[in-house]
Amino acid sequence: MIYLDNAGSTIVDEEVLKLFIKDNNNNFANPSSLNGFGMKENYDIVNFKRDILNALKINPSIYDVIFTSGATESNNLAILGYARKNKNKGKHLITSKIEHPSVLNVFKELENEGFEVTYLDVKSNGTIDLDYFKSVLRDDTILVSLMHVNNECGCVLNLEEIKDVINKSNNKKVVFHSDLAQTIGKEKVNCSLFDMFTISSYKIHGIKGIGALIKSRKIELEPLVYGGGQEFNLRSGTLSYPLIHSFSFIIQKYIRDFDKNYTYIKSLFDFALKELNKIEGIKVHDEFKKHCPFILNLSTLSKESSIVVEALSNKEIYVSTKSSCSSKLKVISHVIYELTKNEKEASNSIRISFSKYNNLEEINIFVKTLKELLSTIKGK
Ligand code: PMP
């Protein structure tokens, strides 16, 4: 098997699996229990949070970690929770048109609740027009939410510039949130730019079912889940010591190994880009000012991408696509559409995404197979 869908999900790190099994045997108490077993676990969890904040190089006396089930829940808690709690301060919100659905659909919901949302365009080179951003930032804007690494095409937004515009504006109450689900361990970012940010475990070889919203302590949110009051009353429910420990472990490991992994992945990316650009009938989306090498997107112009992806799957080569020929409703990539304004490219996009477990030989086989399929598959 050749697995090139690592932005979708990754294989779990062996050390993480061992730790998870050990913790499930040894640390199965309820961390909220007031007996000694639970209290010891609670003490450890406070330390795991501090380890995460230290690994991300942000000040543990300024930020809190709220564990969630993953990035979707973290984005929901950040955006819905902030808007609902602070609606008396203003009703205007800003995001971009290329966000993940767990951000875009939350903003759609807030429009139903009476908020006004500005959806920023992102240019084909993966940049936001700063003058336009400046012009839409209003006195009643309370929240800006912009992702860093885009999950479909790998373009990296320059959020330092955005923060700079926010800092220079007269509006001192704007809160800045970022979805960093595809960033941590894969692209450098200064996390202290943000008042809140979203992270997830299984994109970096951690276990599914755990993520976090990290937020400045001064920010108040309305909870989405009510119950026993865990996680500062913002996310009730029994904490999973094994999942939390595994998450803290993998974040630290991936940040420690960042340079080694990045250099290796960049060599795979450069090779893939060079070879893919030689194939006729595809368009590689590589025109970004900054491109995270873990993700590469291309459009098959002469064949339907869903058919190509299925044919690749039949040869046990796994990549990802948005469109499905069996679906009555054709789903196009809203990201590729926003960047290219080209419906054909958007409805025939294929994402390949790398991990440290891939190698050049696999990329070579993928490129050769893709080339072969494009010439042998009949029809469009
Ligand atoms: N945001 C981004 C940028 C993502 O790539 C994903 C996962 N595809 C999510 C949010 C949702 O993550 P989760 O599956 O952890 O809820």
Side-chain angles (χ1 to χ4, degrees), residues 3-12 16 52 65-81 95-109 119-120 122 126 144-157 159 176-187 189 191 194 196-214 224-225 235 237 240 243-244 246-248 250-251 254 265 285 288 290-297 318-322 331 333-336 338-339 349-355:
Y3 185 76
L4 293 171
D5 190 18
N6 292 284
S9 179
T10 55
I11 187 167
V12 177
V16 165
I52 291 175
V65 178
I66 301 151
F67 290 116
T68 63
S69 60
T72 298
E73 190 187 333
S74 300
N75 286 335
N76 273 260
L77 178 60
I79 300 163
L80 280 181
T95 189
S96 84
K97 291 183 179 171
I98 65 163
E99 300 295 315
H100 188 268
S102 61
V103 167
L104 282 177
N105 289 333
V106 175
F107 280 106
K108 294 271 176 261
E109 167 56 25
Y119 297 90
L120 298 171
V122 179
V144 174
S145 178
L146 293 170
M147 73 196 318
H148 184 238
V149 174
N150 182 276
N151 55 300
E152 286 194 35
C153 65
C155 75
V156 185
L157 294 184
L159 299 181
F176 192 17
H177 165 257
S178 187
D179 177 356
L180 302 185
Q182 296 288 352
T183 297
I184 302 303
K186 301 182 181 181
E187 193 64 53
V189 70
C191 292
F194 313 113
M196 302 190 274
F197 59 92
T198 291
I199 59 176
S200 187
S201 153
Y202 73 95
K203 306 289 186 190
I204 48 168
H205 309 284
I207 299 174
K208 286 176 198 63
I210 181 97
L213 176 67
I214 297 185
L224 305 178
V225 178
R235 207 283 188 167
S240 164
L243 279 179
I244 291 171
S246 72
F247 190 24
S248 161
I250 201 67
I251 287 185
Y254 267 76
I265 299 294
H285 300 288
F288 311 127
K290 189 153 190 207
H291 195 148
C292 175
F294 284 73
I295 300 174
L296 187 53
N297 198 303
Y318 300 114
V319 296
S320 148
T321 182
K322 272 270 154 172
V331 187
S333 162
H334 71 287
V335 174
I336 299 302
E338 287 304 332
L339 294 169
S349 92
I350 293 179
R351 177 183 71 185
I352 55 174
S353 46
F354 310 107
S355 86

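First listed ligand is number 1; within each ligand, the first listed atom is number 1. Residue numbers start at 1 and run along the sequence shown.
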Visitor: Give the minimum heavy-atom separation between Val65 and Ala212, together with the two atoms involved.
Guide: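 So the minimum-distance heavy-atom pair works out to CG1-CB, 3.9 Å.
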
Visitor: Quick one: are the ring centres of Tyr3 and Tyr318 less than 6.0 Å apart?
Guide: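 So the answer is no for these two rings.
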
Visitor: With a 4.5 Å cut-off on side-chain heavy atoms, are Ser145 and Asp179 touching?
Guide: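 Contact flag for Asp179/Ser145 side chains = no.
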
Visitor: Could you go through ligand 1 and note, for every N or O atom, any protein N or O atom closer than 3.5 angstrom, writing the atom names and distance to 0.1 Å, or 'none'?
Guide:
from: ligand 1; atom 1: 1 (N); to: Asp179; atom 2: OD1; distance (Å): 3.4
from: ligand 1; atom 1: 1 (N); to: Asp179; atom 2: OD2; distance (Å): 2.6
from: ligand 1; atom 1: 5 (O); to: Gln182; atom 2: NE2; distance (Å): 2.8
from: ligand 1; atom 1: 8 (N); to: His100; atom 2: NE2; distance (Å): 3.4
from: ligand 1; atom 1: 8 (N); to: Lys203; atom 2: NZ; distance (Å): 3.0
from: ligand 1; atom 1: 14 (O); to: Tyr202; atom 2: OH; distance (Å): 2.5
from: ligand 1; atom 1: 15 (O); to: Ala71; atom 2: N; distance (Å): 2.9
from: ligand 1; atom 1: 15 (O); to: Ser200; atom 2: OG; distance (Å): 3.1
from: ligand 1; atom 1: 16 (O); to: Ala71; atom 2: N; distance (Å): 3.4
from: ligand 1; atom 1: 16 (O); to: Thr72; atom 2: N; distance (Å): 2.8
from: ligand 1; atom 1: 16 (O); to: Thr72; atom 2: OG1; distance (Å): 2.6

Visitor: Flag the pair Lys97 / Leu120 as yes when at least one side-chain heavy-atom distance between them is below 4.5 Å, and no otherwise.
Guide: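 Answer no - side chains too far apart.
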
Visitor: Determine the minimum heavy-atom distance between Gly206 and Thr10, stating which atoms define it.
Guide: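 Scanning both residues completely, I find the closest heavy atoms to be N-OG1, 4.4 Å.
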
Visitor: Taking the six-membered ring of Tyr119, is the NZ or CZ of Lys108 close enough (under 6.0 Å from the centre) and on axis enough (within 45°)?
Guide: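 Satisfied, under 6.0 Å and within 45°.
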
